[in-house]
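Below is one structure, written out as structure tokens, with a few remarks after it.
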Protein chains: 2
Amino acid sequence: MSEIVSEEPEIDTNTVPDIVVGRLPLYLRALSEMALADKHFTSSQELADALGISSAQIRKDLSHFGEFGKQGTGYAVLGLRDHLRNILQLDREWPLIVVGAGHIGSAVANYTGFAERGFRVVAVFDNNPARVGDGAGTHTVYAMNDLNAIVEKYKVRHAMLTVPAEAAQTVAEQVIAVGIRAILNYAPTTLAVPVGVHVEYIDPVLHLQRMTYYL
Amino acid sequence: MSEIVSEEPEIDTNTVPDIVVGRLPLYLRALSEMALADKHFTSSQELADALGISSAQIRKDLSHFGEFGKQGTGYAVLGLRDHLRNILQLDREWPLIVVGAGHIGSAVANYTGFAERGFRVVAVFDNNPARVGDGAGTHTVYAMNDLNAIVEKYKVRHAMLTVPAEAAQTVAEQVIAVGIRAILNYAPTTLAVPVGVHVEYIDPVLHLQRMTYYL
DNA sequence: TAGATTGTTAATCGATTAACAATC
DNA sequence: TAGATTGTTAATCGATTAACAATC
């Protein structure tokens, strides 16, 4: 039997399916809730029940990143939470900008849920001079001219777009040009972006329409 | 050759995968955009390019519901749009309630995008007496006591929950009890609901966290 | 007619689940 | 020890894609 140089059981990050990565924040959220309730241990079954998915899926998903549990015992809530934070790079605070200071933009900029979970809104932008300066809640609204300076100053990589659908593609290009690499688009339209830039979408109407089919 | 009574090529609605139904509103949105641009015809390839998916998927998805195109020509924009509206039961206006009159609730209640796409916010509710009566924008805020009366009066089936995470499960049960069958939950927590009730989720932080993994 | 594009089939690809040895 | 639960394998299930005959 020839000796085989054992290969590292390497964690090839490119190999983890997007759909698995997409569920990790959900696991993290459930664990944070448990931590808040002072729960010390949990199991894949308990997490599965809380999230309405299968325990096998949770174990399989986690197995892409390492071994975090103990047979017979399950997972330490704080331990697994911190592992997930680490995997998702959420063990730091990320600066965030909002582009578009209308109704949704202002609401989004003042939503306290971002700061509570690691994202800090550092600026709100609008191309309408009438909106610049006056507050979107506690935030001052900046002109688009200031985009580059602020993104560089705070090393911002995340942007939320709360502009009209017609403006979204142009605005996306503007923020990408200054270094934004993750866009959360609230405008009801699909964006075309270069590889290396990530886009996710929020369109509440799509959700309502989906459910209406079943009524 | 024995004669076979031809079976209806029946459109078994239970047979359409949820994931397919979930894409229909996206197709509808793209078609509405084309209609607005006065485009008369389109193809599965053109739709696919606009949405960043494959043309085969679009044709396959549509084939669950009928034949809407013409070889060599493609699809009539208005025709396909109306077919999709019909399939999704969006050829009527649906009343909608918002529960929770805080920052997000007020923003959501005043978002004009709902009315533009077939959903009309008929009432906003809050359990805090201090918020009842004064406006959430153009809406009057009702007490939870009025929930049943208003849901019955307008025959409401859709609710958006914009309450704190801790309150979401209880509020969900309240709205289900008065007849709501579709819930769009903005609270960052998973809901347990009986069969026959549909829930979709909006948690912007989850989207930001997903993208952060790749940065 | 020639070119374009559908609707559909079959193949491929990928994700989920069931099951269980290992072990705390 | 007995019971519980992990991590992993293999099987199943389902979704996507490629390809093309039909036909406008």
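Note that these values count all heavy atoms, side chains included, but never hydrogens, waters or copies made by symmetry.
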Crowded around B:H103 NE2? As in, over 12 foreign heavy atoms under 6.0 Å?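 Incorrect, the count does not exceed 12.
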Backbone N/O of [Y] and side chain of [X]: donor-acceptor pair under 3.5 Å:
X: A:T162; Y: A:G100; answer: yes
X: B:Y213; Y: A:D18; answer: no
X: A:R181; Y: A:H158; answer: no

On DNA chain C, does the nearest nucleotide to A:G72 precede the nearest nucleotide to B:A56 from the 5' side, or the other way round? Give the residue.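 Counting from the 5' end, the first nearest nucleotide belongs to B:A56.
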In terms of the nearest nucleotide of DNA chain C, which residue is placed more toward the 5' end: A:K70 or A:D61? A:D61
May I ask you to decide if the ring planes of B:F68 and B:H83 are parallel, tilted or perpendicular, using 30° and 60° as cut-offs? tilted
Does C:dG14 have a Watson-Crick or wobble partner in any strand here, with both distances under 3.5 angstrom, and which is it?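 Paired with D:dC13.
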Tell me the partner of C:dA22, counting only Watson-Crick (N1-N3 plus N6-O4 or O6-N4) or G-U wobble (N1-O2 and O6-N3) with both under 3.5 Å; none if nothing fits. D:dT5
Given A:Q57 and A:D61, is the side chain to side chain donor-acceptor pair (under 3.5 Å) satisfied, shown in steps? CA-CA 6 Å; A:Q57 180 162 80; A:D61 285 355; 5.2 Å; no
Tell me what B:S55 touches on the nucleic acid: a base, only sugar-phosphate, or nothing, going by heavy atoms under 4.0 Å. nothing
Opening and closing nucleotides of DNA chain D in contact with chain B, under 4.0 Å to non-hydrogen atoms: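 Contacts span D:dA15 to D:dC24, reading 5' to 3'.
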